[in-house]
Amino acid sequence: MNAPFRICFVCTGNICRSPMAESVFRAHLAEDGLDGLVEVDSAGTGGWHEGDGADPRTVAVLRAGGYAHAHTARQFRASWFDRLDLVIALDSGHLRTLRSLAPTEQDAAKVRLLRSYATGAADAGPGEPPGLISDSDRTGDLDVPDPYYGGFAGFEECLEMIETASEGLLAAVRTALTARAVIPARAPGADAPREARDPHRSRPKERA
């Protein structure tokens with residue numbers, strides 16, 4: 001039996017952006033029938049909120065979007081790299097912190113910016129897949145901004161950015177699973193973009 005493909009989304013305190021990304025991407029996997037092959041969780045670079053639930057504004061935005069949600073904050077540990085396939089940073093500060101924690105170059109290469117997977121993101125060099133970013137690139141342009149000190153609209157903006165980037169990340173994960181011969185390759189044209197979601201339109205409720 002093949003081991004699951006493991007992804008961890010990481011922000012600062014694991015109460016706003018990364019739990020939002022975790023919930024959204026779980027829904028994408030379920031819609032694509034890959035939820036049994038991919039494990040998703042989230043963490044923060046710091047431990048200030050360990051044991052707390054998600055920010056109430058994150059919970060409200062997710063509920064409004066119809067996303068299932070259950071969360072307890074925790075801090076990312078360098079020892080996790082060995083079991084993870086991708087570590088998805090929500091902004092460039094997290095990217096640098098996570099790469100500095102990586103025990104090996106191979107582990108550092110697992111760290112990618114979420115928005116590098118968004119359609120049209122121009123972070124990768126010629127021949128490089130989305131998500132491969134050097135520290136010299138303008139990674140700040142691909143940040144999901146921290147909404148913590150702002151109003152509810154900032155959380156809605158974060159959700160929209162995360163939903164957009166999740167489409168590209170899903171395609172990348174599907175490609176990785178195909179390379180592992182876990183799932184068959186899709187026919188040409190099967191990966192055409194799905195209709196963009198309206199972040200303010202409620203989705204069918206899912207059980208947490």
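Owing to the predicted nature of the structure, the values given are computational and were not obtained by experimental measurement. Computed over heavy atoms, backbone and side chain alike; hydrogens, waters and symmetry mates excluded.
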Any donor and acceptor pair, going by atom type alone, linking the side chain of Asp32 with main-chain N or O of Leu34 inside 3.5 Å?
no
Ala21: what forms a side-chain contact (heavy atoms from CB on, under 4.5 Å) with it, not counting sequence neighbours?
Phe9, Leu114, Ile162
ring-ring contact (aromatic ring centres under 6.0 Å, His included) partners of Trp48, counting only residues at least two apart
none
Provide the full list of ring pair (Phe, Tyr, Trp, His ring centres under 6.0 Å) pairs with a residue in residues 149-175, sequence neighbours left out, each pair given once.
none
According to the side-chain hydrogen bond (donor to acceptor under 3.5 Å, both in side chains) rule, which pairs have a member within residues 4-19, sequence neighbours left out?
Arg6-Glu39, Thr12-Arg17, Thr12-His94, Asn14-Ser18, Asn14-Ser42, Asn14-His71, Arg17-Asp91
List for me each residue that meets ring-ring contact (aromatic ring centres under 6.0 Å, His included) alongside Phe5, sequence neighbours excluded, and say none if there are none.
none
So, using salt bridge (Lys or Arg N to Asp or Glu O under 4.0 Å) as the criterion, who are the partners of Asp52 when residues are at least two apart?
none
Go through the structure and list residues passing side-chain hydrogen bond (donor to acceptor under 3.5 Å, both in side chains) with Asp85, not counting sequence neighbours.
Arg180
Is any side-chain heavy atom of Val38 closer than 4.5 Å to a side-chain heavy atom of Leu177?
yes
May I ask you to decide if Ser92's main-chain N or O and Asp143's side chain share a donor-acceptor pair within less than 3.5 Å?
yes
Under 3.5 Å, is there a donor-acceptor pair between the side chain of Ser100 and the main chain of Thr97?
yes
Test side-chain hydrogen bond (donor to acceptor under 3.5 Å, both in side chains) applied to Asp107 - qualifying residues, sequence neighbours left out
Thr104, Lys110
Run the salt bridge (Lys or Arg N to Asp or Glu O under 4.0 Å) test against Glu50 and tell me which residues pass, sequence neighbours left out.
Arg77
